[in-house]
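When a ligand or atom number is given, it counts from 1 through the structure's own listing order.
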Amino acid sequence: MGYDIVTMGPLLCEIMRKELDKPLDRPADFTGPYPSGDTAIMLNAAAKLGARCAMIGVVGDDGFGRCVTDRLKENGVDCSMIRVHPEAATGTAFVCYYSDGSRNFLFHVHHAAPGMLEPEDVKPEKLAGSKWLHVSGFTMSVNQASAEAIYKMVETASPESKVCFDPNIRPEALSEEEIRKLCMPVIRRADIIFPSKSEAAMLTGCATDEEGCRSWAADGKIVVLKNGDQGCRIYSGTEAFDVPGFSVEEVDPTGAGDTFCGAFLTGLTEGMSLEDCGRFANAAGAMSVRKQGPMEGAPSRAELEAFLQEQTNT
Ligand code: ATP
Ligand code: MG
């Protein structure tokens, strides 16, 4: 029997400013390390909610590598496909927040362990029978070998495996044209897509996200547009509907989209309706922003169910 969800990508530790408005080019205090990496955040959330999950990636033989791997293991993720590189350091992300809500990231990824990912890290025989193979555009943007590893995972996917695509694009790294070309082979095979604001318009070339999401849905894909505190909008066939978000106090928004995605896929593996998946994922996303650190707020199954219960009662 295969996994419920397998993903591949940079395993990182995040180190963040303690205070707002402390840019990264000046001395000030940091806090961390917090386990991070978009695909790892998604998978950790799914595993905490009960999905059978496996991670593919590369870490260094160092404290940060153990920090992120141990967290995934603690929450039940199969880490046997995480390779420990003898020389490269584990990837890091330094982040500062501004009072207007914007963020600035400094990544050590391309020339660190995450940049060492290779197509050989994908073992199709181990992925056979998996329900969902999850791809992030961020993994593909690391370097050519990472993109090829993703293409291999998608091309060798067994017919019963579905493919999930989260664009997670950092436009500062590549031109729109390059991003579209990079993502196209995965979008073609994708069964579900999780765009954030502006990604659907950008990737499809449509004038608006609404048009972009509808064009993907017309191609037979389920599309889930993430809308921050508003919740999400789901497209399936010619149908589209909003699932309202939950009101919480936001402490740290990083990782909400990934936590949301992990919860949504978990719901799908359990046979929930799209609307129920949307509600389940909105709750996980909302709970994730209440704590500092991208994985720290991810709820356990019991916590999420209690949260939903509370919302119904109020
Ligand atoms: P990121 O890339 O930072 O992880 P994203 O842009 O992909 O985020 P968002 O739309 O910010 O994704 O958040 C994903 C989901 O998390 C939303 O659809 C919503 O369900 C939930 N969420 C995010 N922020 C909040 C918030 N402030 N209050 C309530 N729910 C939130
Ligand atoms: Mg996102």
Side-chain angles (χ1 to χ4, degrees), residues 7 9-10 12 14 16 34-46 49 93 95-98 100-105 107 134-139 141 164-173 179 192-203 209 212-213 222-235 240-267 274-299 303-304 307-308 310-311 314:
T7 192
L12 308 178
E14 190 165 310
M16 60 188 60
Y34 290 102
S36 187
D38 62 342
T39 52
I41 298 165
M42 181 286 299
L43 200 67
N44 179 68
L49 292 170
V95 59
C96 68
Y97 293 92
Y98 296 96
D100 67 0
S102 63
R103 301 174 273 190
N104 186 14
F105 285 96
F107 287 107
H134 170 273
V135 173
S136 156
F138 181 51
T139 308
S141 72
C164 161
F165 181 58
D166 183 338
N168 231 346
I169 290 161
R170 314 223 171 247
E172 57 271 22
I179 292 170
I192 189 165
I193 306 181
F194 286 90
S196 305
K197 200 172 171 335
S198 81
E199 289 176 337
M202 200 268 272
L203 284 168
D209 279 336
C213 291
I222 293 165
V223 183
V224 185
L225 178 65
K226 293 167 283 180
N227 266 336
D229 60 2
Q230 300 297 299
C232 63
R233 183 164 171 79
I234 303 178
Y235 303 77
F241 55 94
D242 293 308
V243 185
F246 297 102
S247 180
V248 292
E249 195 192 329
E250 184 181 291
V251 174
D252 177 2
T254 305
D258 309 315
T259 304
F260 174 95
C261 183
F264 203 102
L265 289 182
T266 302
L274 289 177
E275 192 171 356
D276 286 347
C277 288
R279 192 171 142 76
F280 191 71
N282 278 340
M287 293 175 83
S288 80
V289 306
R290 300 189 301 185
K291 285 201 186 147
Q292 188 165 56
M295 288 188 194
E296 308 311 308
E303 286 164 344
L304 191 148
F307 178 88
L308 281 176
E310 237 168 73
Q311 303 293 325
T314 51

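Phe138 pairs by the ring pair (Phe, Tyr, Trp, His ring centres under 6.0 Å) definition with Phe107, not counting sequence neighbours. Considering only residues two or more places apart in sequence or on other chains, Asn104 meets the side chain to side chain contact (heavy atoms under 4.5 Å, CB included) condition with Leu24, Cys96, Tyr98.
In summary, the aromatic rings of Phe280 and Phe264 are positioned with their centroids too far apart to meet the 6.0 Å limit. Proximity of the aromatic rings of Tyr235 and Phe241 is defined here by a centroid distance below 6.0 angstrom, and this criterion is not met.
Here Ser196 has side-chain heavy atoms under 4.0 Å from ligand 1, and that is the only part of it that gets that close. If you look at Asn227 next to ligand 1, the close heavy atoms, those under 4.0 Å, all belong to the backbone. In Lys226, the parts holding a heavy atom less than 4.0 Å from any atom of ligand 1 are both the side chain and the backbone.
In summary, the atoms of ligand 1 found under 4.0 Å from a heavy atom of Gly285, numbered by their order in the structure, are 16 (O), 21 (C). The ligand atoms of ligand 1 that sit less than 4.0 angstrom from a heavy atom of Val248 are 28 (N), 29 (C). Counting the atoms of ligand 1 from 1 in the order shown, those under 4.0 Å from a heavy atom of Arg103 are 3 (O). Set against the non-hydrogen atoms of Gly255, the atoms of ligand 1 under 4.0 Å away are 4 (O). Of all atoms in ligand 1, numbered sequentially from 1 with element shown, those under 4.0 Å from a heavy atom of Phe246 are 28 (N), 29 (C), 30 (N).
In terms of polar-atom proximity, Thr254 is not counted as a contact of ligand 1, lacking any N or O under 3.5 Å from an N or O of the ligand. In terms of N/O distances under 3.5 Å, ligand 1 is approached by Gly228. Close N/O approach between Gly257 and ligand 1 is found [any backbone or side-chain N/O within under 3.5 Å].
In this structure, Glu249 does not count as a contact residue of ligand 1, since none of its heavy atoms falls inside 4.0 Å of the ligand.
In terms of modelled atom types and a separation under 3.5 Å, the side chain of Asp209 and the main chain of Ala201 share a donor-acceptor contact. Without hydrogens or angle criteria, Asn282 side chain to Val243 main chain gives a donor-acceptor distance under 3.5 Å. Using a distance-only test at 3.5 Å, with no hydrogens or angles considered, a donor-acceptor pair links the side chain of Asp252 to the main chain of Gly293.
Ion pairing of Lys226 with Asp258 is absent here, as no side-chain N (NZ or NE/NH1/NH2) approaches a carboxylate O to less than 4.0 Å.
The option from Ser288, Cys232, Gly231, Ala256 that lies nearest to atom 18 (O) of ligand 1, judged by heavy atoms, is Gly231.
For the 3.5 Å distance criterion, the side chains of Asp166 and Ser136 fail to qualify, holding no donor opposite an acceptor.
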